Amino acid sequence: QQQVKQSPQSLIVQKGGISIINCAYENTAFDYFPWYQQFPGKGPALLIAIRPDVSEKKEGRFTISFNKSAKQFSLHIMDSQPGDSATYFCAASTWHDMRFGAGTRLTVKP
Amino acid sequence: NAGVTQTPKFQVLKTGQSMTLQCAQDMNHNSMYWYRQDPGMGLRLIYYSASEGTTDKGEVPNGYNVSRLNKREFSLRLESAAPSQTSVYFCASSGSTNTEAFFGQGTRLTVV
């Protein structure tokens, strides 16, 4: 069974809009929650990450919101750009295991 | 500034053949990982090595073996390839477990 559930599978947003991707996890032992961005033919690359002692982390146009009690976290991309078009993966990690969501294919239309 | 290097980039195998996927990192990382990526399933952990000399099973280890040859290199072996092992394989490394992982470019493997 998937330990990290990600939605939606695909997302189309107009340039300048807000993209929101959601994830939920099962294992309360997870204590590191990264988001990875992947372009076609490339390996995933870390975009932003959060630890459960904070509820929000912002880096430029990218924000993670984290709700420990609900075991949910989300990625918000403000002022979405065509260059943001990629597949996004959430992940949840313990010291020895990192589990990924199924991925969201984001398309930002100009 | 190579980071994580995987070879080969593409491979076609016949069912029952064996092969080894190679991975090397130049960041002096302790931890290394092998993932497979399949459409709609994200990345699934096959094996990991938390430090030189140790390896452990991940989520989907059946049909695979690994060797942590030294701190830099972590190889993945398919002893008898099956069509179900058709996938894109990624190697990754991190300074320790539970921190940012850096990924290679991937190996696209097709088993016919």
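Naming: A, B, ... by sequence-line order, numbering from 1 per chain. Computed from a predicted model, the values in this text were never measured in an experiment.
Cluster annotation: Y89(B) and F103(B) are assigned to distinct hydrophobic clusters (Ile/Leu/Val/Met/Phe/Trp/Tyr, side-chain heavy-atom contacts under 4.5 Å, transitive). Hydrophobic clustering of Ile, Leu, Val, Met, Phe, Trp and Tyr side chains at less than 4.5 Å, counting indirect connections, unites F89(A) with Y32(A). Cluster membership check: V111(B) shares its hydrophobic cluster with W34(B), using side-chain heavy-atom separations under 4.5 Å among Ile, Leu, Val, Met, Phe, Trp and Tyr. No continuous path of ILVMFWY side-chain contacts below 4.5 Å connects V4(B) to M32(B), so the two sit in separate hydrophobic clusters. L47(A) and F73(A) fall within the same hydrophobic cluster, where Ile, Leu, Val, Met, Phe, Trp and Tyr residues are linked whenever their side-chain heavy atoms come under 4.5 Å apart, directly or through other members.
Side-chain atoms of E59(B) and Q3(A) form no donor-acceptor pair, as typed in the model, at a separation below 3.5 Å.
Between chain B and the residues P34(A), G43(A), P44(A), the largest count of heavy-atom pairs under 4.5 Å involves P44(A).
The part of Q37(B) that comes within reach of chain A is its side chain, from C-beta onward, which places non-hydrogen atoms under 4.5 angstrom from that chain. Both the backbone and the side chain of A101(B) come within contact range of chain A, judged by heavy atoms closer than 4.5 Å. With a 4.5 angstrom heavy-atom cutoff, F30(A) does not touch chain B via any of its atoms.
Heavy atoms of other residues, nucleotides or ligands lying less than 6.0 angstrom from CE of M78(A) number 12 at most. By the neighbour-count criterion of 12 heavy atoms within 6.0 Å, atom CZ of R44(B) is densely surrounded, having more than that number from other residues, nucleotides or ligands.
Contact record, G40(B) with A102(A): O-CB, 3.4 Å, taken as the closest heavy-atom pair.
We find the CZ-NZ distance between F90(B) and K42(A) to be 10.5 Å, quoted to the nearest 0.5 Å.
Distance alone, capped at 3.5 Å, places no donor-acceptor pair between the Y35(B) side chain and the F100(A) backbone. In this structure, Y48(B) contributes its side chain and M98(A) its backbone to no donor-acceptor pair below 3.5 Å.
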